[in-house]
Participant: 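The structure follows.
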Amino acid sequence: MFKKLTGKNPRDFEFAANHVMNNADVSIFAELVEKDSFLFDFVKQNVAERLAKATNENNWKTVISFLKYYSPSYEDFICSTLARFADEDLTDEMLDLFENGTDDEKTYIAKFFSYIQDPLSVELLKKYANSDNDYLSTNCASTLGAMKEETSFIEALEKLNSNDEFEKLSAVKFLVNYGRKDIVPKLIDAMKNSPMAENIAGEIPYLENLFNILDDNFENGLLTLNYIINGLGEILGLSQVFDFELYDVFEYLMTRDHDSRVAVVLLNAREKFETLTENDEYLFDEDKNTKNEVQDIKKLLMNTDKKVLLSKVNQELREDSAFVYTALDFASDLGEIRELLKCNNQTIILKTAEVLKSLGNLDDTAKTVALLKVTDDNIKSIIRAL
């Protein structure tokens with residue numbers, strides 16, 4: 001029956017879909033969810049459409065029994081079906097399950113309430129919006145956004161200023177899923193001031209794509225991209241190169257005049273994708289499409305003229321440059337690098353000292369200059385130990 005439902009023969013899959021819905025064959029649906037990662041997206045889309053077509057006023061309650069098995073692939077089919085046949089009794093049943101059900105059930109139901117915007121669901125949506133279950137928290141936040149529920153939105157905005165970096169990241173995720181694109185600049189400000197900048201950068205393009213961010217504020221877009229590059233393979237999954245449209249973004253940047261900011265970002269990307277493709281540990285568990293895309297991006301970036309890019313790095317060796325840390329990774333002009341030891345930013349001073357150490361140029365004079373501006377005892381200790 002499973003093979004018939006997922007197959008190509010109309011007679012077979014229509015029979016199977018009708019069987020599942022008319023006989024409430026939950027075992028078939030459970031098997032679909034169990035094998036979710038092994039089925040192509042188009043197959044899952046076909047199955048969802050076949051089940052939807054087989055659903056009618058006599059068998060729609062079968063869908064309620066599917067709630068125990070969560071898959072984003074069947075979420076729209078299940079929730080739209082429940083919304084289509086919803087009445088007061090069903091809504092009450094969904095509210096009860098939302099409070100007392102499993103995470104899988106709650107995840108579907110959070111989406112259901114984006115269709116049936118019952119005010120009684122708001123407190124539960126807010127409660128589960130910070131769940132450790134990403135699917136559940138995402139659906140709760142997006143439904144609150146669809147309902148234009150202001151209290152949770154304002155609370156999340158305030159948490160962007162939290163000293164707790166995990167709370168700040170949680171707020172970023174909520175706001176991205178809430179769906180208000182006008183707060184992208186606030187998310188970028190939070191990214192700039194966070195030691196978890198790579199994590200935050202990896203969320204922002206799910207609210208607004210990188211092309212639009214670059215178009216609105218080129219430097220903010222470049223900085224977001226630069227943090228994404230830093231996070232790839234370590235914090236961010238490699239399959240996200242598709243989500244972020246990185247091939248197209250890099251191709252776009254390569255057609256522009258390479259000012260020093262673009263040069264530094266392209267150098268960072270070039271080095272990152274060389275690393276990703278030269279170490280089997282990064283690509284070993286990735287699917288064929290991701291491996292091919294990462295290789296294609298590397299080939300694209302290899303078309304840049306590294307000497308020309310390197311010639312522009314010194315222009316970003318400034319305390320007020322958003323790209324100074326990345327520029328230091330590629331700088332070789334010892335005089336320009338040493339000048340940064342005199343700046344007022346202690347983390348830049350530490351980074352500069354580490355770079356000079358790696359270049360074999362951190363002498364006692366350089367250490368003395370660095371320590372004159374440093375007041376943080378931890379940074380002082382690190383510099384002395386270099």
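This structure is a prediction, so every number in the text was calculated from the model and none was measured.
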Participant: Any heavy-atom pair between the side chains of L210 and E245 that's under 4.5 Å?
Facilitator: no
Participant: So which atom in D376 and which in Q346 form the shortest heavy-atom distance, rounded to 0.1 Å?
Facilitator: N-OE1, 2.9 Å
Participant: Between T352, D333, D363, which is the residue that forms a side-chain hydrogen bond (donor to acceptor under 3.5 Å, both in side chains) with R338?
Facilitator: D363
Participant: Got N226 and F323 here, is their nearest side-chain heavy-atom distance under 4.5 Å?
Facilitator: yes
Participant: Of Y108, F29, Y74, W60, which meets ring-ring contact (aromatic ring centres under 6.0 Å, His included) against F66?
Facilitator: F29
Participant: Are the side chains of E198 and I228 in contact, using a 4.5 Å heavy-atom criterion?
Facilitator: no
Participant: In the structure I gave you, are the side-chain heavy atoms of E149 and L125 within less than 4.5 Å of one another anywhere?
Facilitator: no
Participant: A side-chain contact here means heavy atoms from C-beta on lying under 4.5 Å apart; do N177 and C140 qualify?
Facilitator: no
Participant: Do D25 and T62 come close enough that some side-chain heavy atom pair is under 4.5 Å?
Facilitator: no
Participant: Does D104 reach the main-chain N or O of Y70 with its side chain, forming a donor-acceptor pair under 3.5 Å?
Facilitator: yes
Participant: Taking the side chain as C-beta and beyond, is there a heavy-atom pair between L67 and T107 under 4.5 Å?
Facilitator: no
Participant: When you measure from the side chain of K44 to the backbone of D36, do you find a donor-acceptor pair of N or O atoms at a distance under 3.5 Å?
Facilitator: yes
Participant: Is there side-chain contact between L328 and E316, with at least one heavy-atom pair below 4.5 Å?
Facilitator: no
Participant: Look at the aromatic rings of F15 and H19 and report parallel, tilted or perpendicular, splitting at 30° and 60°.
Facilitator: parallel
Participant: Under a 4.0 Å N-O cut-off, is there an ion pair linking E155 with K159?
Facilitator: no
